Colleague: 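One structure, pasted below without further comment.
Throughout, a chain's letter reflects where its sequence line sits, starting with A, and its residues are numbered from 1. Because the structure is predicted, anything quoted here is derived from the model rather than measured.
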Amino acid sequence: MKKIRTRFAPSPTGYMHIGNLRTALYAYLFAKSQGGDFILRIEDTDRARYVADAVEFIEKTLAAAKIIPDEGPHHGGNFGPYVQSERAEIYKKYAEELVANGFAYYEESENGVAIRQKMPKIGETTFYDVLHGNITIANAELEDQILLKSDGMPTYNFANVIDDHLMEISHIIRGTEFITSTPKHILLYQAFGWELPTFVHLAPVMGKSADGTVSKLSKRHGATSFNDLIEIGYLPEVITNYVALLGWNPKSNQEIFSMQELMKIFSLEGLSKSPAVFDYNKLDWMSGEYFKAMTDEKFAEVAGKYLAGISDKIFISNLLKTRVAKLSDIPAMINFLRELPEFDIELFTNKRNKITPEKSAEILKSVIPILEKISDWTIDNLNAEIAKFTESSGLKVGTVMWPLRIAASMQKVTPGGVTEIFYLLGKEETLVRIKSALNNLTGN
RNA sequence: GGCGCCUUCGUCAAGUGGUUAAGACACCGCCCUCUCACGGCGGGUUCAAGGGUUCGAAUCCCUUAGGCGUCACCA
C-alpha cells in the first residue's frame, strides 16, 4: 500500500489563522494516525505579498502547537526544496511540456509572456472528495487560467499540482474554498497522465457576531490566530485540543485529548462537512479543565509573568487554578493584593447574607481586636478565631465573612476564601484595610 | 448573477428507515458553601420549510429558502 503523505501549504503571511491551524492539525493527525509523513511546504509564489521572517513564524507556530513536520524548509526531506520560489525552474519545465503537448499556450501582454492552461469548452469534470462524494463541474465554467505568470513564477493552481505530484502527496487536505478550482487541477493531472491524490475539502471555521450573524472567523470576532489565543493566555495544548474537536468527532464522549491520543485515534470518518462556529465559551471551559488538572507548581509555572511580584506563588496558584479560564484573567483577580481598590459602600450591602453598611461597621469593629490578638497569622488560627466570634455573636457565618471580604479586597469575588486572602495580605495590611473600611463606613 | 458546497438544541455534535433524537459547552433552578469558583443534582430548547416515497422518515427523492464559497498574472 502506498505511503500516506499529507502536506500543509501556507503562504507566508506572518499570521496563523485558527482555520489554517486546524487544517494543518488534521493533515498532521491523519498522516500520523496512518504512520505516514506530514510535509510543510511554503507557497510563496506571490512576490508582492512577501513577508519577512514569515517562514520562521510558521515553523515556530507549528512547533508551539506540537505539529511536527517530517519534511519542510528546515526539516529536511528528499523532495525539496520546500519553498516554491526556489522551484521556479521545475514549474517552467512542466509548463512548457504542457504547451508542447497542446494543453497550454503562450500569451503575450504588456506584462510579458505568460502561459495559460487550455480548458475544454464542453463536457464536465468530476472528482471524488472524501467528505462530499463526487463533485461535478461543467468545463464551460472553467477559464483558461494562468499557469506561469509573466514574472516566471507559477500560480497557486499550477504549482500545487506539480508539487503535490512530485512530493508524492497522497491526500490533499485543504479548505472548501478550493473545491471550485479543483477541476482545473484534475485537468492538469490528466494532461500529465498523473495519478490523482485523494481530496478532502474541509468546512470553514466560522465566527459569531454580536448580532447573531455567522461568518468566516475574522478579527471582528475577537482573537482569531493561534498567537492571539496564546497571547491572552490559553495553553497551546488547549488550543489544539479544542480546535481538533471543531469539525471532527472522535465517536466517543471524550473531550480532553492529548496530542498523542489524537495522533492515534484521528480518522477522516469523524470529519464534519458543515461549517463550525468557534465557541469561546467552550474554549474557556476546556482551558479551565486543563488548569484544574495541573499541580499548583505547574500552574505557577505556566502563569509565569502574571504572577510577577507575588510572594506566595504556589499558594495563590492553588486558589487561582480553579477560577481561571485563561491566564490573562489573573491580573483582575489578584490586583487587590497589591493595591486596595477604591472604597465602594455599595459592596457592603448584600441581600442574601442580610448585610448592610451599618451592620458591617459593627462587625468590623468587633473583629478588629480579635484579629489584633492573633500572633500566629495562619489560616487555621484565623478560621478558629473568626468562628469563635461568629458563634458568640449569634450571626451567620456568611454575614460575618461578607464585610470582611469586602473590607480586605473591595471585591465581591476573590480567589480563595476570606481567611485565605487575610493570610495572603498579612496581618498588618489586613488590619490597615479593615480599619480603613470602618472609618469610611462610619463617615470619618 | 452563474456555478459549487452546506443546513439536528444558542454553540460543538451523535445519529445512516422504527431511539423517550445521545453527550459536551452555555443558560436556568436546587444542593453544598464564608463570596466566586470547584463539586453534586435537575431543567428547558433541536431535526430550515414544503412536497413526495414508505406500514413507518432527522435519516431516501424533489422543490424552496437561508448561509457560505468561487468566478485574479492571490493563495
Side-chain angles (χ1 to χ4, degrees), chain A residues 9-13 20 43-46 48-49 84 107 109 111-116 129 131-133 135-138 140-143 145-160 174-183 201 203-204 206 208 212-216 242 245-256 270 272-286 288-289 292 319-325 333 347 350 352-353 383 386-387 390 396-406 409 411-421:
Chain A
S11 54
T13 60
N20 281 130
E43 311 227 330
D44 62 342
T45 54
D46 184 358
R49 284 208 205 174
Q84 290 186 329
E107 179 191 61
S109 72
N111 298 324
V113 181
I115 294 180
R116 274 189 194 274
D129 180 281
L131 255 49
H132 304 286
I135 294 176
T136 300
I137 291 176
E141 295 292 324
L142 278 23
E143 302 220 341
Q145 63 170 347
I146 296 279
L147 263 21
L148 209 65
K149 297 182 269 188
S150 54
D151 67 358
M153 281 293 172
T155 56
Y156 163 82
N157 286 123
F158 187 54
N160 93 85
R174 69 203 340 176
T176 42
E177 65 268 28
F178 294 109
I179 284 185
T180 43
S181 52
T182 301
H201 287 97
M206 312 296 278
K208 195 176 206 172
T213 54
V214 168
S215 55
K216 202 165 175 179
Y242 175 71
L245 261 29
L246 195 61
W248 174 74
N249 186 285
K251 306 289 180 191
S252 75
N253 284 336
Q254 187 178 345
E255 306 256 11
I256 305 297
S272 159
K273 57 182 172 177
S274 49
V277 175
F278 192 95
D279 182 4
Y280 293 94
N281 274 329
K282 185 129 189 191
L283 211 216
D284 281 350
W285 164 78
M286 188 175 280
E289 291 299 299
K292 277 178 267 180
L319 302 178
L320 248 21
K321 70 178 186 183
T322 56
R323 299 158 219 260
V324 163
M333 227 168 271
L347 294 174
N350 181 275
R352 188 176 162 192
N353 286 308
N383 275 332
I386 293 174
T390 305
K396 280 179 57 184
V397 184
T399 308
V400 173
M401 291 298 191
W402 186 269
L404 293 177
R405 161 178 289 102
I406 301 298
S409 69
Q411 291 182 184
K412 282 195 269 193
V413 181
T414 52
V418 169
T419 53
E420 283 158 330
I421 63 174

Colleague: In whole angstrom, give the distance that lies between atom CG of Asn249(A) and atom C1' of C12(B).
Modeller: 9 Å
Colleague: Within the 4.0 Å heavy-atom criterion, would you say Asn111(A) contacts the bases, only the backbone, or no part of the nucleic acid?
Modeller: base
Colleague: Take atom CE of Met286(A) and atom P of U11(B), then tell me their distance rounded to the nearest Å.
Modeller: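 To the nearest whole Å, that distance equals 18 Å.
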Colleague: So Lys273(A), base contact, sugar-phosphate only, or nothing? Heavy-atom distance under 4.0 Å.
Modeller: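 Sugar-phosphate contact only - Lys273(A) comes under 4.0 Å of backbone atoms but never of a base.
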Colleague: Need one value for Thr414(A): base, sugar-phosphate or nothing, where a base atom within 4.0 Å counts as base even if backbone is also close, heavy atoms only.
Modeller: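 Contact class for Thr414(A): base.
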Colleague: Side chain of Ile135(A): nearest nucleotide among C38(B), G69(B), G4(B)?
Modeller: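 In terms of side-chain proximity for Ile135(A), the closest of C38(B), G69(B), G4(B) is G4(B).
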Colleague: May I have the step-by-step check of side chain to side chain contact (heavy atoms under 4.5 Å, CB included) for Thr414(A) and Glu420(A), ending in yes or no?
Modeller: CA-CA 10 Å; Thr414(A) 52; Glu420(A) 283 158 330; over 6 Å; no
Colleague: How is Val277(A) classified with respect to the nucleic acid when contacts are heavy atoms under 4.0 Å: base, sugar-phosphate, or nothing?
Modeller: sugar-phosphate
Colleague: Starting at atom CD of Glu255(A), determine the distance to atom P of A14(B), rounded to an integer number of angstrom.
Modeller: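 Computing the Glu255(A):CD to A14(B):P distance gives 12 Å.
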Colleague: Taking only the side-chain heavy atoms of Lys282(A) (C-beta and beyond), determine which of C3(B), C12(B), A75(B) contains the nearest atom.
Modeller: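 The closest nucleotide is C12(B).
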Colleague: Counting side-chain heavy atoms from CB outward, which of A26(B), A75(B), U11(B) is closest to Asn281(A)?
Modeller: A26(B)
Colleague: Whole angstroms only, please: what is the CD-P distance between Glu177(A) and C6(B)?
Modeller: 15 Å
Colleague: Please determine whether a side-chain nitrogen of the Lys or Arg among Asp46(A) and Arg49(A) lies less than 4.0 Å from a carboxylate oxygen of the Asp or Glu.
Modeller: yes
Colleague: Choosing from C6(B), U35(B), C25(B), which nucleotide comes nearest the side chain of Trp285(A)?
Modeller: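 The answer is C25(B), which lies nearest to the side chain.
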Colleague: At less than 4.0 Å, is any side-chain N or O atom of Lys321(A) found next to OP1 or OP2 of C38(B)? Yes or no.
Modeller: no
Colleague: Is C3(B) paired to anything, Watson-Crick or G-U wobble with both distances less than 3.5 Å, and if yes, which nucleotide?
Modeller: G69(B)
Colleague: Met206(A) side chain: which of C68(B), A37(B), G2(B) is closest?
Modeller: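 Comparing C68(B), A37(B), G2(B) against the side chain of Met206(A), the answer is C68(B).
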Colleague: Quote, to the nearest angstrom, the C1' distance that separates C32(B) from A48(B).
Modeller: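 These two C1' atoms come out 43 Å apart once rounded.
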Colleague: Going by purine N1 to pyrimidine N3 plus the second Watson-Crick contact, or the G-U wobble pair, all under 3.5 Å, which nucleotide sits opposite U63(B)?
Modeller: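 A49(B) is the nucleotide pairing with U63(B).
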Colleague: Can you figure out which of A22(B), C12(B), C68(B) approaches the side chain of Ala276(A) most closely?
Modeller: C12(B)
Colleague: Gly175(A) near the nucleic acid: base, sugar-phosphate alone, or nothing, with a heavy-atom cut-off under 4.0 Å?
Modeller: nothing
Colleague: Does C12(B) pair with anything, Watson-Crick or G-U wobble, both distances under 3.5 Å, and if so, with which nucleotide?
Modeller: G23(B)
Colleague: Could you tell me how far apart Ile137(A) (CD1) and C71(B) (C1') are, to the nearest whole angstrom?
Modeller: 11 Å
Colleague: Once rounded to the nearest 0.5 Å, what's the spacing between atom CD of Gln145(A) and atom OH of Tyr156(A)?
Modeller: 11.0 Å
Colleague: What integer number of Å spans the P atoms of G15(B) and G42(B)?
Modeller: 25 Å
Colleague: When all nucleic acid strands are considered with a 4.0 Å heavy-atom cut-off, which category describes Ser274(A): base, sugar-phosphate, or nothing?
Modeller: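 Counting heavy atoms under 4.0 Å across all strands, the contact made by Ser274(A) is with sugar-phosphate only.
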Colleague: If we take the C1' atom in both G23(B) and U19(B), what is their distance in whole Å?
Modeller: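 After rounding to an integer number of Å, I get 15 Å for this pair.
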Colleague: Just N and O in the side chain of Arg116(A): are any of them under 4.0 Å from OP1 or OP2 of C73(B)?
Modeller: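 Result: yes.
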Colleague: Select base, sugar-phosphate, or nothing to describe what Val400(A) touches, counting heavy atoms under 4.0 Å on all strands.
Modeller: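 If one applies the 4.0 Å heavy-atom cut-off, Val400(A) turns out to touch nothing in the nucleic acid.
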Colleague: Just by modelled atom types, is the Met153(A) backbone N or O under 3.5 Å from a matching donor or acceptor in the Thr45(A) side chain?
Modeller: no
Colleague: At under 4.0 Å between heavy atoms, what does Thr136(A) touch on the DNA or RNA strands: base, sugar-phosphate, or nothing?
Modeller: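 Sugar-phosphate contact only - Thr136(A) comes under 4.0 Å of backbone atoms but never of a base.
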Colleague: Nearest to the side chain of Lys251(A), heavy atoms from C-beta on, is which of A26(B), A14(B), C12(B)?
Modeller: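 The listed nucleotide nearest to Lys251(A)'s side chain is A14(B).
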Colleague: Under 4.0 Å, counting only non-hydrogen atoms across every strand here, what does Phe278(A) touch: a base, just sugar-phosphate, or nothing?
Modeller: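 Touches nothing.
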Colleague: Using atom C1' in both nucleotides, what's the gap between U46(B) and G10(B) to the nearest angstrom?
Modeller: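 After rounding to an integer number of Å, I get 11 Å for this pair.
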Colleague: Classify Gly417(A) by what it touches in the nucleic acid, base, sugar-phosphate, or nothing, heavy-atom distance under 4.0 Å.
Modeller: base
Colleague: Whole angstrom is fine here: how far is it from CZ in Arg405(A) over to P in C36(B)?
Modeller: 8 Å
Colleague: Choose from U11(B), C73(B), C34(B) the nucleotide whose nearest atom is closest to any side-chain atom of Val397(A).
Modeller: C34(B)
Colleague: From the set C6(B), C73(B), A13(B), return the single nucleotide nearest to any side-chain atom of His132(A).
Modeller: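 Nearest to the side chain of His132(A) among the choices is C6(B).
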Colleague: Roughly how many Å apart are C12(B) and U70(B), using the C1' atom of each and rounding to a whole number?
Modeller: 27 Å
Colleague: Specify the separation, in whole Å, of atom CZ of Phe178(A) and atom C1' of C68(B).
Modeller: 15 Å
Colleague: Sort out the partner of C30(B) for me: Watson-Crick or G-U wobble, both distances under 3.5 Å, none otherwise.
Modeller: G40(B)
Colleague: What integer distance in Å separates Glu107(A):CD from A72(B):P?
Modeller: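 So the CD-P distance, Glu107(A) to A72(B), works out to 13 Å.
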Colleague: In whole Å, measure the gap between the C1' atoms of A13(B) and G18(B) for me.
Modeller: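 Nearest-Å result for A13(B) against G18(B) at atom C1': 23 Å.
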Colleague: With distance as the sole test, does Trp402(A) use its side chain to make a donor-acceptor pair with the main-chain N or O of Lys412(A) at under 3.5 Å?
Modeller: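 Flag not set: sc Trp402(A) to bb Lys412(A) has no pair under 3.5 Å.
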Colleague: For a quick check of understanding: with a heavy-atom distance under 4.0 Å over all strands, which category does Thr399(A) fall into, base, sugar-phosphate or nothing?
Modeller: nothing
Colleague: What nucleotide among A75(B), U11(B), C6(B) has an atom nearest to a side-chain atom of Thr155(A)?
Modeller: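 Selected nucleotide: A75(B).
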Colleague: Taking the side chain from Asn111(A) and the backbone from Ser150(A), do they hold a donor-acceptor pair closer than 3.5 Å?
Modeller: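 No, the answer is negative, given that no donor and acceptor are paired below the 3.5 Å cut-off.
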Colleague: Using the test side chain to side chain contact (heavy atoms under 4.5 Å, CB included), find all partners of Ala276(A) that sit at least two apart in sequence or belong to another chain.
Modeller: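 Per chain and number, Ala276(A) pairs via side chain to side chain contact (heavy atoms under 4.5 Å, CB included) with Leu246(A).
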Colleague: Using the P atom as the reference point in each nucleotide, state the distance between A14(B) and C6(B) in Å, no decimals.
Modeller: 15 Å
